[in-house]
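The structure under discussion appears below in the form of structure tokens.
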Amino acid sequence: MDRGAYKGSITVFLSLTCILFLTLICAVTESARIQGAKAQSATITGMGTFSLLSEFETKLLEKYEIFSLDGASGGSFQIQTVNDRFEEFITQNANPKTGLLKSLAFDPWNLELETSEITGYALLTDNKGEAFYQQAVAYMKTNIGVIALEEILKLAESTDEIERKQETYEADQNSSDGSLSSLENAKQDRLEELESEAVESGEDTAISVETEGNPLTEIAKLRRKSTLEIVTWDKSISGKSITLRSQPSNGRLQTGTMEIEKEHSGLLSNVLFREYLVRYFPNYDSNETGAALDYQLEYILGGKATDKKNLKYVVNRLLLIREGMNYAYSVSNTSMNSQAGSLATALTGFLGIPALTAATKHALLLAWAYGESLIDVRILLEGGKVPLTKDGNSWSLTLENLGRVTEILRSGAEGKSEGLSYLDYLRILLNTGALANQKMRALDMIQAEMKEEDGMSGFQVQNCIVAVSTRAVYQCGQVFGGLPKVVMGTAGTELTFAQTASMAY
């Protein structure tokens with residue numbers, strides 16, 4: 001074999017070896033590229049989902065610290081419009097080559113979006129406003145101070161005691177009314193006997209238990225009047241109103257297709273949510289005005305169509321709280337019991353019916369607590385403070401003045417510098433109310449307020465998206481697979497990747 005033939009055989013062998021090595025390198029590189037393309041497609045899907053939710057409604061965030069994406073198009077909910085926006089985001093990232101760059105830039109992933117869809121979404125109103133609740137609690141946990149939280153929790157912890165005393169007062173009031181009613185016949189019979197005896201003895205004097213010094217007569221008249229009118233008198237009350245049937249809390253709403261994670265729950269979370277309501281919705285004492293209603297916190301509590309009706313509801317609830325607490329103090333106070341007993345004896349003792357005297361004493365204590373409570377509520381509505389549990393220094397109404405309570409209310413009650421404010425008592429009422437109602441009624445007010453913002457007249461809370469799940473399918477073309485395809489005879493078909501993502505505010 002000559003020298004030239006020998007060199008030629010070596011060149012062919014090395015060439016074949018190089019081709020095999022290049023084929024292996026290309027195959028490994030293509031395999032690595034495919035894995036990278038899968039990771040890239042997952043990243044692009046996540047970025048698209050994030051970018052979609054980054055278009056949250058800024059005015060809602062500024063006013064209420066709530067994130068949401070408006071899913072409405074032309075006033076109606078259109079998930080396809082949201083999907084179109086999602087597709088725009090991932091298309092830009094999946095195929096970044098445009099214009100001159102399309103011919104010059106090298107894209108190692110060679111991805112192309114095939115399909116995209118929003119596979120699920122959750123709305124702000126789902127599950128009676130659960131997403132709204134979760135965001136509000138999360139915000140409050142981050143922003144409320146430790147000292148403020150301790151004070152709020154103290155009020156929440158007193159709820160059970162307050163409700164027990166309310167129940168005791170109501171039960172004793174009903175029992176007192178029943179006792180006096182059952183003794184009415186015996187009282188009338190005894191009065192007739194005394195009148196007959198007076199006639200026989202030559203005295204021409206009518207005898208009656210309803211003497212001028214009986215404060216129960218004045219209290220009975222007051223109980224038949226509207227408590228709101230009694231405690232406000234000539235103060236101005238907002239005349240604003242809404243149509244209840246058009247509110248989110250009373251309508252058939254859009255429903256999302258995915259569940260929201262309930263990260264926050266329990267007593268602490270409930271207290272924080274209610275404190276959020278206190279801070280972000282005006283009330284009677286805040287002197288702020290709202291778009292639909294001025295007394296929005298009272299609406300959240302009462303759910304009535306007008307400011308006046310909501311304030312009336314709250315005033316009646318406040319009166320009941322004070323009646324329960326004041327009555328509990330009066331029955332435990334020896335001096336007050338003694339005074340009530342003495343007056344009851346003076347009013348009914350001459351009839352010689354011990355049961356009537358005992359029932360009258362009980363009625364006097366109840367009436368006394370009621371009169372004091374009217375003054376308390378008046379003080380609260382005027383911006384004063386009233387202690388939750390009273391003592392001798394904070395009790396203001398004497399038994400002698402019980403019959404003059406109307407005069408005292410008209411002249412204005414003097415508030416104390418210590419105790420709980422009107423807003424504190426609203427906190428107590430929130431803690432005793434139904435959380436589901438409070439969430440949806442708050443959303444009623446949010447919708448009403450947002451509709452007044454520029455360009456947002458069609459805003460609806462039921463269209464507010466708070467979470468989405470997405471799916472995108474990508475086509476991955478070959479880059480380094482040409483040589484292995486020729487040498488190894490591989491099929492060389494283009495691959496498809498399906499990627500999913502989900503995100504919530």
Side-chain angles (χ1 to χ4, degrees), residues 162 165-174 176-177 213-237 283-285 295 298 301-302 308-331 333 336 339-340 343 362-416 418-426 428-429:
I162 292 169
K165 290 181 177 179
Q166 286 179 13
E167 292 170 0
T168 299
Y169 174 83
E170 290 179 302
D172 284 11
Q173 181 65 62
N174 292 333
S176 175
D177 292 343
N214 190 350
L216 294 177
T217 305
E218 177 66 18
I219 295 300
K221 292 178 182 178
L222 279 177
R223 287 189 182 277
R224 290 192 290 268
K225 295 181 179 180
S226 166
T227 302
L228 180 61
E229 294 177 3
I230 294 172
V231 297
T232 57
W233 294 110
D234 58 350
K235 291 193 72 174
S236 176
I237 297 176
N283 62 81
Y284 173 82
D285 192 46
Y295 312 153
E298 285 83 354
L301 286 164
K308 184 175 182 179
K309 287 182 178 179
N310 286 311
L311 184 59
K312 180 179 180 180
Y313 171 85
V314 167
V315 161
N316 287 336
R317 293 288 308 279
L318 292 179
L319 180 66
L320 187 56
I321 289 177
R322 291 310 317 152
E323 284 174 322
M325 301 304 291
N326 288 337
Y327 176 66
Y329 173 72
S330 68
V331 296
N333 187 288
M336 294 178 72
Q339 293 178 58
L343 182 55
H362 193 195
L364 285 168
L365 288 173
L366 288 162
W368 203 350
Y370 171 73
E372 179 78 2
S373 300
L374 288 175
I375 295 174
D376 291 344
V377 175
R378 169 85 172 185
I379 290 171
L380 292 173
L381 294 179
E382 291 182 345
K385 293 185 176 181
V386 175
L388 185 60
T389 302
K390 292 203 168 184
D391 55 25
N393 293 326
S394 55
W395 192 278
S396 59
L397 183 64
T398 64
L399 187 58
E400 291 78 9
N401 286 332
L402 180 56
R404 297 180 51 254
V405 67
T406 302
E407 283 180 53
I408 296 173
L409 290 166
R410 281 181 178 172
S411 61
E414 183 180 351
K416 304 291 183 180
E418 297 180 356
L420 304 181
S421 66
Y422 176 75
L423 195 57
D424 290 328
Y425 278 93
L426 291 187
I428 293 172
L429 292 180

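Note that the numbering runs from 1 along the sequence shown for the chain. On a predicted model such as this, the values are computed, not experimentally measured, just so you know.
A donor-acceptor pair under 3.5 Å is formed between the side chain of N326 and the backbone N or O of R322. For the pair W368 (side chain) and L397 (backbone), a donor-acceptor distance under 3.5 Å is present. Under the 3.5 Å distance criterion, the side-chain polar atoms of T232 are left unmatched by any main-chain donor or acceptor of K235. Between the side chain of Y425 and the main chain of V386, a donor-acceptor pair closer than 3.5 Å is present. Side chain of S176 to backbone of Q173: no donor-acceptor contact under 3.5 angstrom is found. Within the 3.5 Å criterion, the main-chain N or O of V405 finds no donor-acceptor partner in the side chain of E218.
With sequence neighbours left out, Y370 forms a ring-ring contact (aromatic ring centres under 6.0 Å, His included) with no residue at all. Every side-chain contact (heavy atoms from CB on, under 4.5 Å) that S226 has, sequence neighbours left out, goes to L228, E229, K312. Among residues two or more places apart in sequence or in another chain, the side chain to side chain donor-acceptor pair (under 3.5 Å) test is passed with Y295 by none. In terms of the side chain to side chain donor-acceptor pair (under 3.5 Å) criterion, residue partners of E372 (sequence neighbours excluded) are, by chain and number, K390, S396. Among residues two or more places apart in sequence or in another chain, the side-chain contact (heavy atoms from CB on, under 4.5 Å) test is passed with Y313 by L301, K304, R317. A328 meets the side-chain contact (heavy atoms from CB on, under 4.5 Å) test with K165; sequence neighbours excluded.
The shortest non-hydrogen separation linking E418 to K385 is O-CB, 3.7 Å. Nearest heavy-atom pair across L319 and S373 is CD1-CB, 3.5 Å. Here the closest heavy-atom approach between residue I375 and residue I408 is recorded as CD1-CG2, 3.9 Å. Residue L364 comes nearest to A340 through the heavy atom pair CD1-O, 3.5 Å, listed as atom of the first residue, atom of the second, then distance. Taking both residues in full, the closest heavy atoms of L366 and Y169 are given as CD2-CE1, 3.5 Å, listed atom of the first, atom of the second, then distance. For the pair A367 and L216, the tightest heavy-atom approach, listed with the atom from each and the gap, is CB-CD2, 3.7 Å.
Looking only at side-chain heavy atoms (C-beta outward), V377 and E382 stay at 4.5 Å or farther from each other. Residues N283 and V314 are not in side-chain contact: their nearest non-hydrogen atoms beyond the backbone lie 4.5 Å or more apart. In this structure the side chain of R378 never reaches within 4.5 angstrom of the side chain of I230, judged on heavy atoms. Between L381 and V315, some side-chain heavy-atom pair lies under the 4.5 Å cut-off.
Taken from OG1 in T406 to CG in L374, the straight-line distance is 8.5 Å, to the nearest 0.5 Å. Atom CG of L311 is separated from atom OG1 of T227 by 11.0 Å, given to the nearest 0.5 angstrom. Remark: Q166 CD to I321 CD1 distance equals 5.5 Å, nearest 0.5 Å. Atom CZ of R410 sits about 4.5 Å away from atom CH2 of W233, to the nearest 0.5 Å. The line from CD1 of I379 to CG of L409 is 9.5 Å long, rounded to the nearest 0.5 Å. The CD atom of E400 sits 6.0 Å away from atom CD of Q339, with the distance rounded to the nearest 0.5 Å.
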Please assess I428 against L388 for the test side-chain contact (heavy atoms from CB on, under 4.5 Å), listing each intermediate value before the final yes or no. CA-CA 10 Å; I428 293 172; L388 185 60; 4.2 Å; yes
Could you walk me through whether L380 and D285 pass the side-chain contact (heavy atoms from CB on, under 4.5 Å) check? CA-CA 9 Å; L380 292 173; D285 192 46; over 6 Å; no
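Residues S421 and D424 bring a donor and an acceptor atom of their side chains to less than 3.5 Å of each other. Side-chain N/O atoms of S394 and D391 include a donor and acceptor closer than 3.5 Å.
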